[in-house]
Amino acid sequence: MSTPDPSTPDPSTPDLATAAGPSPVSRTQLLRWQFDLTWSLFEYHLERLEPDDFLWEPTPHCWTLHRSADGTWEPDWAETEPDPVPVPTIGWVSWHIGWWWSVTLDHTRGLRPRKRTDITWPGEGAPTVQWLRGLRTEWQAVLDNLTDTDLDATASFPWPGDPAHTVAHTLAWVNTELLKNAAEIGQLRLLRAAS
C-alpha cells in the first residue's frame with residue numbers, strides 16, 4: 001500500500017474555497033457587473049449597425065429624426081405620449097439614449113442638467129455609435145468613483161428629491177433603461193435585415 005502524496009489533493013475532501021462559495025461583492029461591484037453585461041449585449045448590435053439602419057422606418061406611424069434648417073437633427077416629440085405610441089426608428093432610440101444618459105451624467109456629477117433640446121443627435125452610422133460609446137466611457141468613470149455609501153444618497157434623477165429613491169436606484173434604472181433601448185435597437189436592426 002502506497003503512502004498518499006501530501007502535495008496531491010484528495011478528491012474526496014472538498015476544497016474549502018469552493019465550499020465557501022464565491023467571494024462577496026459590494027453593491028457598486030454588482031451594479032457595475034450588471035452594466036458591463038448590459039453593454040456587452042448592446043455592443044453586439046452596435047458593431048453590426050449600418051448607416052442605412054438608423055432612419056429606416058418600420059411602419060408609417062413612427063418617430064424619427066429630421067434635419068432642421070441649420071442642419072442639426074431634431075427628434076419627433078410630444079409632451080404627452082400619443083396613443084397609439086409611434087414605433088421609433090433606430091436613430092430616434094439612439095438619440096433617446098443619448099438624451100437620458102447625458103442628463104443622468106449631469107445629475108450624477110452635480111452639474112446643471114441639460115434640456116432635451118440641448119442634446120443633438122450626431123447622425124447616421126459611426127458618429128452616433130462613437131457618441132454612445134463615449135457616454136459609456138463617461139458612465140464608467142462615474143461608476144468607478146462611487147462607493148457603497150454614495151449609493152445611499154437620495155437620487156436627484158429621474159426621481160428628483162424623492163427620499164424613497166437612492167443613487168443605487170438611479171444606477172439600476174440606467175442598467176434597465178439601457179437594456180430596454182438596446183433590445184429595441186437590436187429588434188429593429190433584425191427586422192430591417194429580414195425585410
**Student:** Side chains of Phe157 and Asp106, heavy atoms from C-beta outward: is any pair under 4.5 Å?
**Tutor:** no
**Student:** What about Leu30 and Trp139, same hydrophobic cluster or not, with Ile/Leu/Val/Met/Phe/Trp/Tyr joined at side-chain heavy-atom distances under 4.5 Å?
**Tutor:** no
**Student:** State plainly whether the residues Glu79 and Arg116 are in salt-bridge range, i.e. N to O under 4.0 Å.
**Tutor:** yes
**Student:** Just how far is it from atom CD of Glu57 to atom CD1 of Ile90, taken to the nearest 0.5 Å?
**Tutor:** 12.0 Å
**Student:** First locate atom CG of Asp150, then atom CG of Leu143, and finally report the distance between them rounded to the nearest 0.5 Å.
**Tutor:** 11.5 Å
**Student:** Is there a side-chain contact between Val93 and Asn181, using heavy atoms and a 4.5 Å cut-off?
**Tutor:** yes
**Student:** So with a 6.0 Å cut-off around CD of Glu81, is the heavy-atom count from everything else above 12?
**Tutor:** no
**Student:** Of all heavy-atom pairs between Pro113 and Val103, which one has the smallest distance, and what is that distance?
**Tutor:** CB-CG1, 4.1 Å
**Student:** Tell me the closest heavy-atom pair linking Thr166 and Ala155, and the distance in Å.
**Tutor:** O-CB, 3.4 Å
**Student:** Taking side chain as C-beta onward, heavy atoms only, is Trp101 less than 4.5 Å from Leu178?
**Tutor:** yes
**Student:** Nearest 0.5 Å please: distance from the NE2 atom of His96 over to the CD1 atom of Ile185.
**Tutor:** 11.0 Å
**Student:** Hey, what do you get for CG (Leu171) to CZ (Phe35), rounding to the nearest 0.5 Å?
**Tutor:** 9.5 Å
**Student:** With the side chain counted from C-beta on, respond yes when Leu191 and Pro58 share a heavy-atom pair under 4.5 Å apart, and no when they do not.
**Tutor:** no
**Student:** Identify the two heavy atoms, one from Asp162 and one from Thr154, that lie closest to each other, and give their separation to 0.1 Å.
**Tutor:** O-CG2, 3.5 Å
**Student:** Quick one: are Trp100 and Pro158 in side-chain contact, heavy atoms under 4.5 Å?
**Tutor:** no
**Student:** Any chance you could lay out the salt bridge (Lys or Arg N to Asp or Glu O under 4.0 Å) test for Arg109 and Glu138, step after step, and finish with the verdict?
**Tutor:** CA-CA 10 Å; Arg109 292 175 172 154; Glu138 290 181 58; 3.0 Å; yes
**Student:** Mind running side chain to side chain contact (heavy atoms under 4.5 Å, CB included) on Arg133 and Trp39 for me, showing each step along the way?
**Tutor:** CA-CA 9 Å; Arg133 287 177 176 153; Trp39 185 265; 3.9 Å; yes
**Student:** Verify, without hydrogens or angle tests, whether His61 (side chain) and Pro84 (backbone) share a donor-acceptor contact under 3.5 angstrom.
**Tutor:** yes
**Student:** As an exercise, state the distance from CG of Asn175 to CH2 of Trp33, rounded to the nearest 0.5 Å.
**Tutor:** 10.0 Å
**Student:** Considering all heavy atoms of both residues, which atom of Ser68 and which atom of Glu74 are nearest to each other, and what is their separation?
**Tutor:** CB-OE2, 3.3 Å
**Student:** Salt bridge or not for Asp53 and Arg189, using N-O below 4.0 Å?
**Tutor:** no
**Student:** Are the side chains of Thr64 and Asp76 in contact, using a 4.5 Å heavy-atom criterion?
**Tutor:** yes
**Student:** Measure across Leu135 and Ser102 and return the closest heavy-atom pair with its distance rounded to 0.1 Å.
**Tutor:** CD2-OG, 3.7 Å
**Student:** Crowded around Arg67 CZ? As in, over 12 foreign heavy atoms under 6.0 Å?
**Tutor:** yes
**Student:** Transitively linked via ILVMFWY side-chain contacts under 4.5 Å: Trp77 with Phe54?
**Tutor:** yes
**Student:** Does a salt bridge link Arg136 with Glu43, judged by any charged N lying under 4.0 Å from a carboxylate O?
**Tutor:** no
**Student:** What's the verdict on side chain to side chain contact (heavy atoms under 4.5 Å, CB included) for Thr176 and Thr38, showing C-alpha distance, side-chain angles and the deciding distance?
**Tutor:** CA-CA 8 Å; Thr176 303; Thr38 298; over 6 Å; no
**Student:** Under 4.5 Å between any side-chain heavy atoms of His165 and Thr170, yes or no?
**Tutor:** no
**Student:** Under the salt bridge (Lys or Arg N to Asp or Glu O under 4.0 Å) criterion, do Asp144 and Arg32 qualify, and how do the steps go?
**Tutor:** CA-CA 9 Å; Asp144 289 344; Arg32 174 61 183 264; 2.4 Å; yes
**Student:** I would like to know whether Glu124 and Asp52 meet side chain to side chain contact (heavy atoms under 4.5 Å, CB included); could you show each step before the answer?
**Tutor:** CA-CA 7 Å; Glu124 310 98 306; Asp52 290 343; over 6 Å; no
**Student:** Tell me, do Thr104 and Val142 make a side-chain contact under 4.5 Å, heavy atoms counted?
**Tutor:** no
**Student:** For the ring-ring contact (aromatic ring centres under 6.0 Å, His included) test, which of Trp73, Trp92, Trp99, Trp95 pairs with Trp121?
**Tutor:** Trp73
**Student:** Working note: Leu179 + Leu41, criterion side chain to side chain contact (heavy atoms under 4.5 Å, CB included); need CA distance, chi angles, decisive distance, verdict.
**Tutor:** CA-CA 8 Å; Leu179 185 59; Leu41 298 171; 4.0 Å; yes
**Student:** Closest approach of His107 and Ser156, non-hydrogen atoms and distance?
**Tutor:** ND1-OG, 3.1 Å
**Student:** List for me each residue that meets ring-ring contact (aromatic ring centres under 6.0 Å, His included) alongside Trp131, sequence neighbours excluded, and say none if there are none.
**Tutor:** none
**Student:** Is a side-chain donor or acceptor of Ser94 paired with a backbone partner of Gly91 at a separation under 3.5 angstrom?
**Tutor:** yes
**Student:** Any side chain to side chain donor-acceptor pair (under 3.5 Å) involving residues 20-31? Give me the pairs, sequence neighbours left out, ordered by first then second residue.
**Tutor:** Ser26-Thr28, Ser26-Gln29, Arg27-Asp152, Thr28-Asp148
**Student:** Return the CG to CG distance between Leu31 and Asp36, rounded to the nearest 0.5 Å.
**Tutor:** 11.0 Å
